[in-house]
There are 2 protein chains.
Amino acid sequence: MENFIPEALFSMLERRDELSVAERKALESLSWRQRSYGDGDEIIPERSEPTESCLLVEGLAARSRQLANGNRQLTAVHVPGDFVDLHGLLLKVMDHAVMALAPCRMAFAPHSEVRRIAAEFPHLGRLLFMTVAIDAAIQRNWIACMGRMDPLRHIAYLVCEVYCRLDVVGQVKDRAFDFPVTQSEVADLVGLSIVHTNRTIQELRASGHVTWQGNQVIVHDWDGLARLADFDPTYLNLVRRPR
Amino acid sequence: MENFIPEALFSMLERRDELSVAERKALESLSWRQRSYGDGDEIIPERSEPTESCLLVEGLAARSRQLANGNRQLTAVHVPGDFVDLHGLLLKVMDHAVMALAPCRMAFAPHSEVRRIAAEFPHLGRLLFMTVAIDAAIQRNWIACMGRMDPLRHIAYLVCEVYCRLDVVGQVKDRAFDFPVTQSEVADLVGLSIVHTNRTIQELRASGHVTWQGNQVIVHDWDGLARLADFDPTYLNLVRRPR
DNA sequence: CGTTTAATTGAAAAGTATCAAAGGATGTGG
DNA sequence: CCACATCCTTTGATACTTTTCAATTAAACG
């Protein structure tokens, strides 16, 4: 893939710290390989041992864990700009799968090269690993949502988070964004049954803070929604500062 | 603190990869500062901006998130050897607190020095950031437990995980370990009410796989317990290989 | 030995899952 | 353009799980 420029990754990182020209060039210099996936496709299988890190360029993806009882839990959502598989670089064996929630374009770069630029540019390396730490922070919040929030607030929180993360990469227009997931997928995100998820989404609509029809979500009243969900974006680290 | 040797950290890392002499020396050379905490003490406050990373040397700690509705959710347990606050190095502002679940001894090292050795020894840096990725993997599993497992399996899973992690640092003897947490804390770990947690622990005892009296947990039938919890330790990355 | 904290129990209320079915939207082939 | 199939959303009713409230018992501590 000649001359692939990971723009969304730049947005994601530069929202948190400054990237030097050399660092940008280093990221561009990786031998990126691009590939597209259809809705529901498996991007990285559970138990596989990837040799490339992958970056979500376009679309929406999720981490998925299949349980013995047949249930599925989605443990993370990924938006364009997310370096989805740095985890695999550090951990070797996938303990979960990565799947496309919608048609996706992914860009892959060899672990060896990522390791090399991380060693050569320690600050860039820290920024890359920071994205892993941000993923961890997001997951901690999900744990809190699942354990101690009622379904209405939990789903409201999900909307707030996705809104903020999509906004970073310019995918929110006029307080609206595209969220191409079925209610069954939302159920697997929040850990509820489909029926209860449906009723909760209706309740959220009735609260008046959002319109959520088909794949489009419009946030009419951000402050009210954030208050409802007790949403504090600190954990997303949307502050530009030396790291 | 002259000549502090982070033995538990060595065990933790060497269980995953080989440490060179230079890397060990680099870790020993940090200007460690040690401090003790009592049961329930706050080690790192929410919203603080730590300038030191902290390592749990002895005791048991947890990450804690306080919600607006007054509820508390514990999002991680930490055992000796865990570099609890690398997150703070990468993320700057704490989005949660770290607290002592039992009397703890912590060792602190300045972020600047940790950054320096990570840059100077890229492989060691990767291993340190690997611990963040392992924390993330653990949290993903917690999400799956909370969302899609019934309480009995969830608590069984917690026992399996703590067992494995304490075993890495030599804290399991004769299939038994010390687990100095109240049922109210277990409730905040798994996201259930105290009453239901109590009943579930009784159910777990009745299954015959474990004895859990006071602070001592004895696992009589590891295979049975792991089968009950659908526990697969892959995500703990307990395999020694180049990373 | 009294005081406090933690563990345990019972019963009622609230929340959630499951089952079964009915609408709605979309896409295909005739 | 219609008939049909498919997938998703929505609804109602019932069974089950979990929380909450209110006590009681047990253990730890000065």
Side-chain angles (χ1 to χ4, degrees), chain A residues 38-41 60 67 69-74 99-103 144-156 158-159 178-207 210-217, chain B residues 38-41 60 62 67 69-74 99-103 144-156 158-159 178-206 210-217:
Chain A
D39 186 2
D41 284 359
L60 206 62
L67 278 80
N69 60 19
N71 287 148
R72 176 179 77 161
Q73 175 71 45
L74 302 180
M99 56 163 288
L101 284 178
C145 288
M146 304 191 82
R148 294 297 187 214
M149 275 186 179
D150 59 63
L152 178 62
R153 283 156 214 278
H154 187 175
I155 292 183
L158 178 67
V159 172
D178 210 49
F179 196 43
V181 296
T182 65
Q183 294 190 355
S184 156
E185 288 165 333
V186 175
D188 285 342
L189 283 168
V190 297
L192 296 172
S193 69
I194 299 181
V195 172
H196 201 60
T197 300
N198 173 273
R199 290 181 170 132
T200 307
I201 289 175
Q202 290 180 53
E203 198 184 342
L204 182 62
R205 289 190 192 116
S207 78
V210 307
T211 296
W212 182 342
Q213 289 299 339
N215 293 342
Q216 171 157 267
V217 178
Chain B
D39 185 2
D41 284 0
L60 206 62
L67 278 81
N69 59 19
N71 287 148
R72 177 179 76 161
Q73 175 72 44
L74 302 180
M99 55 161 289
L101 284 178
C145 288
M146 303 191 83
R148 293 300 187 212
M149 276 186 178
D150 59 63
L152 177 62
R153 284 156 213 278
H154 187 176
I155 293 184
L158 178 66
V159 172
D178 210 48
F179 196 44
V181 295
T182 65
Q183 293 189 356
S184 155
E185 288 165 333
V186 175
D188 285 342
L189 284 168
V190 296
L192 296 172
S193 69
I194 299 181
V195 171
H196 201 58
T197 300
N198 174 273
R199 290 179 170 132
T200 307
I201 289 175
Q202 291 179 53
E203 198 184 343
L204 182 62
R205 290 190 191 114
V210 306
T211 297
W212 183 343
Q213 290 299 339
N215 294 341
Q216 170 157 267
V217 178

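None of the values given here were measured: they were computed from a predicted structure.
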Atom-pair distance ([atom1] on [X]; [atom2] on [N]), nearest Å:
X	N	atom1	atom2	answer
N215(B)	dT5(C)	CG	P	17 Å
H196(B)	dT16(C)	NE2	P	13 Å
R153(A)	dT16(C)	CZ	P	12 Å
I194(A)	dC8(D)	CD1	P	9 Å
D39(B)	dC29(D)	CG	P	11 Å
Q202(A)	dT10(D)	CD	C1'	6 Å
Q213(B)	dA6(C)	CD	P	17 Å
E203(A)	dT16(C)	CD	P	10 Å

Rounded distance (nearest 0.5 Å) linking atom [atom1] of [X] with atom [atom2] of [Y]:
X	Y	atom1	atom2	result
I201(B)	W212(B)	CD1	CH2	4.0 Å
T197(A)	L192(A)	OG1	CG	4.5 Å
L189(A)	L74(A)	CG	CG	4.5 Å

Using OP1 and OP2 only, check whether a side-chain N or O of N198(B) sits under 4.0 Å from dA7(C).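 N198(B) to dA7(C) OP1/OP2: no side-chain N or O under 4.0 Å.
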Residue-phosphate contact under 4.0 Å: R205(A) side-chain N/O, dT10(D) OP1/OP2: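 Answer yes for this pair, as a side-chain N or O of R205(A) is under 4.0 Å from OP1 or OP2.
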First of T182(A) and R148(A) reached from the 5' end of DNA chain D, by closest nucleotide: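 Mapping each residue to its closest nucleotide by heavy atoms, the 5'-most match is T182(A).
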Most 5' of M149(B) and S184(A) on DNA chain D, judged by nearest nucleotide: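 Looking at the nearest nucleotide for each, S184(A) comes out on the 5' side.
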For the side chain of R199(B) and the base of dG10(C), is some donor closer than 3.5 Å to an acceptor across the two?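 Such a pair exists between side chain and base.
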Would you mind classifying the nucleic acid contact of I201(B) as base, sugar-phosphate or nothing, using non-hydrogen atoms under 4.0 angstrom?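 The answer is nothing, as I201(B) stays clear of every strand by at least 4.0 Å.
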Decide yes or no on side chain to side chain contact (heavy atoms under 4.5 Å, CB included) for E203(A) and I155(A), but give the supporting numbers first. CA-CA 10 Å; E203(A) 198 184 342; I155(A) 292 183; over 6 Å; no
With side chains defined as the heavy atoms from C-beta onward, is the minimum distance between R153(A) and R148(A) less than 4.5 Å?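 Heavy-atom side-chain distance check fails, nothing below 4.5 Å.
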Nearest to side-chain heavy atoms of S193(A), which nucleotide of dA7(C), dT19(D), dA17(C):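 In terms of side-chain proximity for S193(A), the closest of dA7(C), dT19(D), dA17(C) is dA17(C).
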